[in-house]
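Quick note: numbers below take in every heavy atom, side chains included, and nothing from hydrogens, waters or symmetry partners. Index from 1, following the sequence.
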Amino acid sequence: MAPRDALNPSQGPRSPPGALSQPQPLSTPGLPCAKGVAVPGGGSARSRGAHSCAMAIGEDLRSGCFWRGVLAEAVGTFLFVGVVLGASAGPGPLAPALAGGLAAGGLVCTLGGPQANPALTLALLCTRKLGALRGVLAVLAQCAGASLAAAAARAALQDGTGLVPRVGTAGTALAWETFATFQLALAAFATAERATPQAGLALGSAVAAGALAAGPFSGGSMNPARALGPALVTGVWDHHWVYWLGPVLGALLAGLSYEFVLAPGASREKLGACLACRDVALVETPSPSPSSPSARGPPAPPAEQDQRTA
């Protein structure tokens with residue numbers, strides 16, 4: 001579940017994120033990674049860029065908002081995985097699918113929408129929407145939160161029934177995990193780009209739909225942390241790689257497809273900025289709305305304006 005703020009660096013800081021989004025801009029504009037280009041003031045763009053990146057990292061580590069965001073990832077993942085594991089004790093895929101969808105929608109509305117999903121976090125990293133430091137710490141926090149939720153569920157359920165997703169055929173499970181996560185990540189990127197007020201409903205619906213579709217074949221995890229936590233506490237690692245490769249592949253394909261093909265601001269310049277390790281926000285060109293000045297055309301000359309007013 002991806003956050004509205006996490007995917008839109010142009011928005012300002014807001015309340016701490018939780019299971020699907022971030023409270024602060026996730027990228028630092030204006031820090032290109034050019035190689036060996038001379039810049040005013042001596043040195044190269046590479047050395048000055050490295051110095052600027054080091055300063056930005058230091059500022060992040062001293063920022064309370066930064067650490068609140070990391071903590072929100074751990075708390076959001078703990079709540080999300082805990083709800084899903086509790087519902088998985090019942091028969092059939094309907095209960096965990098509905099529980100996961102409702103939990104995702106609730107976390108977007110209450111905690112601002114943290115990712116609570118390493119696959120979505122990696123997709124944000126690859127599309128230059130998230131800083132490397134924040135991404136690494138977010139993944140660690142998500143895995144820790146999922147492990148704590150799995151340990152609590154194991155203690156409550158005793159026999160660990162339904163904790164570990166069951167795989168029939170590895171190839172089929174991989175295909176369904178990739179597909180289900182693709183539609184989830186696509187919804188996350190689209191809702192963040194359009195800043196829709198129904199983001200919680202959209203993301204919750206995507207989680208429920210993916211879990212229902214992939215449930216009979218792979219358990220409908222769509223989240224490596226959801227599979228990692230139960231595997232750690234139960235020691236069952238059968239086909240565990242499916243729950244990392246499938247979701248990560250699906251999220252990456254969705255993120256790249258939306259950002260560089262489907263998004264209103266998609267362009268070759270934006271793709272080039274991503275490949276060159278530059279901030280894509282600097283080259284984004286969102287399409288103007290009908291009410292914007294550019295959509296209405298250039299302003300009329302003063303003479304024409306006087307005639308109109310007359």
Side-chain angles (χ1 to χ4, degrees), residues 1-33 48-81 104 106-149 185 188-189 191-193 195 199-200 203 223-225 228-229 248 251 255 259 273-274 277-282 284:
M1 289 68 48
R4 231 177 3 243
D5 297 341
L7 300 180
N8 192 350
S10 63
Q11 297 180 355
R14 50 173 300 178
S15 58
L20 310 169
S21 134
Q22 326 266 357
Q24 75 211 29
L26 300 179
S27 58
T28 304
L31 296 182
C33 299
R48 296 187 60 168
H51 178 67
S52 299
C53 289
M55 292 180 61
I57 290 175
E59 292 177 358
D60 284 341
L61 293 176
R62 294 189 297 269
S63 169
C65 186
F66 175 86
W67 289 109
R68 284 195 299 272
V70 174
L71 178 61
E73 289 293 336
V75 173
T77 309
F78 173 82
L79 296 175
F80 176 76
V81 174
L107 288 171
V108 170
C109 296
T110 56
L111 294 179
Q115 295 111 45
N117 188 332
L120 292 180
T121 301
L122 292 175
L124 291 173
L125 279 170
C126 290
T127 53
R128 313 298 299 173
K129 293 290 187 179
L130 191 65
L133 177 64
R134 176 63 178 271
V136 170
L137 292 178
V139 170
L140 293 177
Q142 291 159 3
C143 292
S147 300
L148 290 175
F189 274 81
T191 54
E193 177 78 17
L203 292 174
N223 189 331
L228 177 64
V248 169
E259 286 297 312
C274 179
C277 298
R278 299 198 308 272
D279 189 351
V280 296
L282 299 178
E284 284 181 335

*Asks:* For P224 versus N117, what's the shortest heavy-atom pair and its separation?
*Replies:* CD-OD1, 3.4 Å
*Asks:* Looking at every non-hydrogen atom in both residues, tell me the closest pair between T121 and G135 and how far apart they are.
*Replies:* CG2-O, 3.7 Å
*Asks:* With heavy-atom distances below 4.5 Å as the criterion, would you say the side chains of L124 and L120 are in contact?
*Replies:* no
*Asks:* Should L137 and F66 be marked as a side-chain contact (heavy atoms from CB on, under 4.5 Å) after you check the CA-CA gap, both sets of side-chain angles, and the distance that decides it?
*Replies:* CA-CA 10 Å; L137 292 178; F66 175 86; 3.6 Å; yes
*Asks:* Roughly how far, to the nearest 0.5 Å, is the CZ atom of R134 from the CH2 atom of W67?
*Replies:* 10.0 Å
*Asks:* Could you tell me whether a side-chain N or O of T77 sits under 3.5 Å from a main-chain N or O of A74, the two making a donor and an acceptor?
*Replies:* no
*Asks:* Given 3.5 Å as the limit, does a donor-acceptor pair link the side chain of E73 with the main chain of A138, or not?
*Replies:* no
*Asks:* Does the N223 side chain pair with the main chain of A116, one donor and one acceptor, at a distance under 3.5 Å?
*Replies:* yes
*Asks:* If you measure from the Lys or Arg side-chain nitrogens to the Asp or Glu carboxylate oxygens, is any gap between R128 and E259 under 4.0 Å?
*Replies:* no
*Asks:* Closest approach of A251 and A119, non-hydrogen atoms and distance?
*Replies:* CB-O, 3.4 Å
*Asks:* For residues G131 and L125, report the shortest heavy-atom separation together with the two atoms involved.
*Replies:* O-CD2, 3.3 Å
*Asks:* Let me confirm one number: the CG-CD distance from L122 to Q115, rounded to the nearest 0.5 Å.
*Replies:* 9.5 Å
*Asks:* Can you give me the closest heavy-atom contact between A199 and T191, atom names plus distance?
*Replies:* CB-CB, 4.3 Å
*Asks:* Using every non-hydrogen atom in the two residues, find where L203 and A188 come nearest and quote the distance to one decimal.
*Replies:* CD2-CA, 3.4 Å
